[in-house]
Every structure is written in structure tokens, then in C-alpha cells.
Amino acid sequence: MQVQTLKGFRDYLPADMAPRQRMIRSIEAVFERHGFAPLQTPALEYAETLTGKYGDEGDKLLYRFTDHGERQVALRYDLTVPLARVVAQHRGALQIPFRRYQVAPVWRADKPQRGRYREFVQCDADICGADSAVADAEVLVAGLAVLRELGVAAAQLHLNHREVLFGVLRLHGVDAAGAQLACIRAIDKLDKMPPAAVQAEIEAQAGLDAGGAAAVVQAFTAGTTVADWSARAAVAGDAAFVAALDRIQVVLDLCNAAGHGGAIVFDAAIARGLDYYTGIIYETRLTDAKVAGMGAVMSGGRYDNLIGLFAGSAVPAVGISVGLDRLFAALQELELVGGNEAAVPVYATVMAPELAAPTLRLVGELRRAGLRVEMELGGGKLGKQFERASKRGARAVLVIGSDEVAAGTVVVKDLRAGSQATVAQADAASYLRDLGIT
RNA sequence: GUGGAUGUAGCUCAGCUGGUAGAGCGCGGGAUUGUGGAUCCCGAUGUCGAGGGUUCAAGCCCCUUCAUCCACCCCA
């Protein structure tokens, strides 16, 4: 038997899980504060529910197998497609527009790398049944509020629109669908490849001549503003392009009004691989140099046709997804994880076996008072017990010897200050609270 | 799926041109038995990822395999 986790899968030991859990809780709190309700769906879905939604590359990464009942099943690849299934399946029971959040693991049979695992947790917030720019802005605002709540100041959300990509290409005479997709794929790499290499890829993959490819690259790297594109699109009479740009501008204005303007920037070169996106799309990168290379930590977009695949009739939707694991890794790197806050701030020593009962009685009272208290299990030398308390990160140590039992008191030592006091057992809880222990 | 690197005590690593393993940290014990983190003393660590081969002899060479890391692809 090999004692190991599967490739790309991890155990989360308490040292990591404690701050991770705090992070999850605060993300959930932010989503709830923004009016999203919790949803939970199964890890396993019928394979056909998931296949064909993520593009060819995505399909390859699905964990699929046949269950004992000969059903073709697959582990969920993201939280969005299962949400679409839920909305279609339970339409009558849900209030539309439906806003839900979900924090849950997803699985991709990818090749593991730094910041990339086969099992990882996504934190999604989506709005189904609203096609307005306000809905777009609401999910962006919620996502940006998460980053703000976690203390991530150096982050930038790059906002784009599917139709902007196509519109720019149409302006350059790239009309064939295949050439357009090839161009978009290449453009998406502008953040990691030099423009010349992207141009070469466009020539090779999309069949453009050198001049045309150069013009396309130039168009996406020039930093053209929404207004400028809008003027050019209007001149060209490209209504879809104009509409997309209008939408982007409105969303930018709304997010700005919500106080998140500084964290958003229009970026025509953002493309998203997942097939189901139809409107705005976005990716968020951390801008601190220490973690800039780790890839997107929060992305998503509008997918107006996905739910229709299940429901028969279209239900517009938009969502955002926070990559918990990457964000957590980044927070650790940036030293924003808030240290090793002790799981148990109070440690009760046991002087002698017969003193375990009176000690546990006091411990019980403290616990009922809401304090987190760990009981010594092994006994032995007091010095060793103090050492264990210290290693566990305890803030205070309780000592109850026979003298204290007789007097109804307890010795409370503040490990950080190094000082101690003898207090009445009845006052122990309030004394500990006065030390700042909760 | 393609290409590259690595795999030695719990952790980070050392091990010279092949002669059956070391350091630091951590861990355990102790320094006149009701007090931790500092210091000092003592101690245990290990199928050298796994399997096979070459050799009198392999951690070091060869093959296979597994795992990890990096790049591509794609993405959180």
C-alpha cells in the first residue's frame, strides 16, 4: 500500500486549514452581505450534463467514469454548469432573478503545477435571470469586495466583452470564424508572450499575412479606450460591437459608483477559453510583484445561453469565481494570512491525576462561557505541560493544585506577558476575557 | 498529452573521481521534582522514492517505474 495522496490532490493540515477556513468564512460573509444565498450541489453529475460546455480542452480535463449502475458520471469541473442545471431543474422553486453563492471543490484532470491542482476550491457568486448591466456590476462588486475584505489591495480586474474581441477583428477584416478563434487564442497570450511571437502565431494559425497580423496585434496592445473603439465601431456601422462597448462603459461606471473603480480596467486583450461566455468577461490578477506570476485569482463572465441548454428557454446569467487556493497561496506569500492564531487560547494543566476532575469542572464552566479551552491529557511534569501549552499557541495556562482546589481559586498565567495571578474560579472567565482572550 | 529538472532522517539540505551515510532545524530526555519560549548536556533518527542491472563493492553508473517541481497547452 502506498501512503500518499493522488497526484494533484492535497491534505490540508490544521496549520493551513485554520486560516483557510477563516478565509472561506469571510468570503461567504461578503457574498451574503451582497444578497447571495447559499447553494450546494453534488460533486458528481451525469457526464452529459458537463460535456460539451467547456470546449474541447475542457472536456479532456473532466474526471469521468462509469459508476456501479453503469451510469456515465463526471466530477464537476466548475460550479457554473451545475448551477445552470439547478436553475433549469428547479425553476419553479427558485425566485428569479436567482442570486446564489457556493464555495466548494471542483476537479480537473489537469497536469499539476504551481498554484494549480486537480482538486481546488472555487468561490462563486452568480445572478441568473437578469441580463442588465446592474447584474454584471453586482457580481463584480461582490468579487472586488471579497478581495478588499481579505486585505488584497494590489489587484486589478481586467474587463472585456466577447463582442469586443470579435468587433476588433471584424474591423481588421478577420471575418472567418476559424480565423477569429485562432486570433483570440493568440491574443490571450499577450500577457506572457512578446507581441512578435503573438503575431507569428496569428500568421501561422489564423492565416493572416504579416501586415494583417501586425495590425491585429497592434490593435490589442495600443491601449485604445472604450470611447475610441466606440467611435470606430460606429463609423464601421458594427452595432454589436457598439453595444458591447456601451455595456462595458455602463458596468465601469456602476462599479466606480460602488467605490471599486480603481480596481477595474478595460482590457480588450482579455479572452476566456470556456465556451459558454457570451457577454462581459474578466480576469483578476494580483499586481504585487511577488505574486504577479501566479495567474488569475478571480474571473468569470456573462453566459446567457448556458442555462437554456438545460431549460429549453434562455435564462441570462452572469457570475464571478474566486480561486480560493491561489488567493490563499498569494495571501501567504504577501503575509496577509494573520499568523497562527491559536485554535485553543487557554490550556489547563493537570497537577496530579486526582486533580483532573476539579480541573475539568472549571474547564467545563469556561467552555460553557464560550472560551476555547484545551485540557492536558498526559500529565507529567508541570514544566512539560507548560511547554506543550506554549507549543499549541495557548495564550493563558491554568494551574489548579490542591491549594487552589481548597481555596476555590485558579492560577492563570499569561504566557505572552509572563505574569500570573491567582483568581477565584468564579471570576476566571471574566479574568481571561480581560486578558483579551475570547 | 509533449519536453526539462529533481527525489538522502519529520523539515531544509551535504555526501569529493563508486568502498554499505552526515549537518542544521525539529523531536525525546535531563540541568535538586508547582511554571513554557533563551542557554547548556545527552539521545534517537533513515528499506538513501520503488524495482531490476553492471561491479568484489552503488546514495553515487545503466534501465524501468512512481512521485514532485518547471515549461508548453489550458486554467482558478
Side-chain angles (χ1 to χ4, degrees), chain A residues 1-10 13 15 54-62 77-80 103-124 143 185-186 188-189 191-193 197 201 205 270-275 277 281-286 291 293-300 319-330 347-352 355 376 379-405 410-422:
Chain A
M1 181 182 67
Q2 41 186 351
V3 181
Q4 61 184 205
T5 49
L6 281 160
K7 183 200 263 291
F9 288 73
R10 299 172 295 166
L13 301 182
Y54 307 108
D56 292 341
E57 289 296 330
D59 275 1
K60 282 187 210 157
L61 300 181
L62 277 176
Y77 176 94
D78 68 1
L79 301 178
T80 307
V103 176
V106 301
W107 295 269
R108 297 182 188 178
D110 217 334
K111 190 149 183 171
Q113 251 178 66
R114 179 168 57 124
R116 174 200 252 165
Y117 303 96
R118 289 185 167 173
E119 175 183 64
F120 59 96
V121 170
Q122 290 194 322
C123 314
D124 281 30
R185 281 192 157 196
D188 195 27
K189 296 174 190 168
D191 56 340
K192 18 182 9 181
M193 272 164 58
E201 182 167 330
Q205 301 297 321
I270 289 297
R272 304 270 308 142
L274 299 182
D275 276 12
Y277 290 120
I281 47 181
Y282 33 88
E283 285 183 3
T284 311
R285 291 179 176 281
L286 300 179
V291 294
M294 90 179 345
V297 296
M298 181 171 86
S299 37
I320 195 161
S321 180
V322 178
L324 184 82
D325 302 270
R326 277 187 187 174
L327 200 48
F328 181 67
Y347 193 98
T349 59
V350 176
M351 293 283 304
L355 291 167
E376 167 66 28
K381 288 189 173 182
L382 236 212
K384 288 293 166 197
Q385 298 191 32
F386 266 77
E387 206 174 310
R388 279 193 281 272
S390 186
K391 277 177 188 158
R392 301 281 281 124
R395 176 71 201 290
V397 173
L398 271 30
V399 181
I400 300 183
S402 44
D403 294 350
E404 285 77 16
V405 170
V410 54
V411 173
V412 181
K413 176 157 183 180
D414 182 338
L415 250 31
R416 201 181 298 169
S419 58
Q420 66 180 44
T422 302

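To find a chain, count down the sequence lines: A is the first, B the second, and so on, and within it residues start at 1.
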Paired nucleotide for B:rG10 [Watson-Crick or G-U wobble; both distances under 3.5 Å]: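 Matched B:rG10 with B:rC25 under the 3.5 Å cut-off.
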Can you tell me if the side-chain N/O atoms of A:S299 get under 4.0 Å from OP1 or OP2 in B:rA76?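 Result: yes.
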Determine: side-chain N/O of A:K60 to OP1/OP2 of B:rC74, distance under 4.0 Å, yes or no.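 False: A:K60 side-chain N/O out of range (4.0 Å or more) of B:rC74 OP1/OP2.
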Side chains of A:K189 and A:E201 in contact at under 4.5 Å (non-hydrogen atoms):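 A:K189 reaches A:E201 side chain to side chain.
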Using nucleotides 27-29 of chain B, report all nitrogen or oxygen pairs with the protein that are shorter than 3.5 Å.
{"unit_1": "B:rC27", "atom_1": "OP1", "unit_2": "A:K391", "atom_2": "NZ", "d": "3.4"}
{"unit_1": "B:rG28", "atom_1": "OP2", "unit_2": "A:K391", "atom_2": "NZ", "d": "3.4"}
{"unit_1": "B:rG29", "atom_1": "OP2", "unit_2": "A:K384", "atom_2": "NZ", "d": "3.4"}

Whole-Å P distance, B:rG18 and B:rC56: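 Looking at atom P only, B:rG18 and B:rC56 are 16 Å apart.
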Classify the side chain of A:Q420 and the base of B:rG34 as holding, or not holding, a donor-acceptor pair under 3.5 Å.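 Such a pair does not exist between side chain and base.
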Can you find a donor-acceptor pair, distance only, under 3.5 Å between A:R185 side chain and B:rC74 base?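 Looking at the base of B:rC74, it does not pair with any donor or acceptor on the side chain of A:R185 (distance under 3.5 Å).
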[X] [atom1] to [N] [atom2]: how many Å, rounded?
| X | N | atom1 | atom2 | answer |
| --- | --- | --- | --- | --- |
| A:I281 | B:rC75 | CD1 | P | 11 Å |
| A:M193 | B:rC72 | CE | C1' | 11 Å |
| A:K111 | B:rG1 | NZ | C1' | 8 Å |

Do A:R108 side-chain atoms and A:Y77 backbone N/O form a donor-acceptor pair below 3.5 Å?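 Here the side-chain-to-backbone pair exists.
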Are A:D414 and A:R395 ion-paired here, with the side-chain N under 4.0 Å from a carboxylate O?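 Result for this pair is yes, salt bridge flagged.
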Base, sugar-phosphate or nothing for A:G8? Non-hydrogen atoms, less than 4.0 Å.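 Counting heavy atoms under 4.0 Å across all strands, the contact made by A:G8 is with sugar-phosphate only.
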Measure from NZ or CZ of A:R10 to the centre of the six-membered ring of A:Y117 and say whether it is under 6.0 Å with the direction within 45° of the ring axis.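 Verdict for A:Y117: a cation-pi partner in A:R10.
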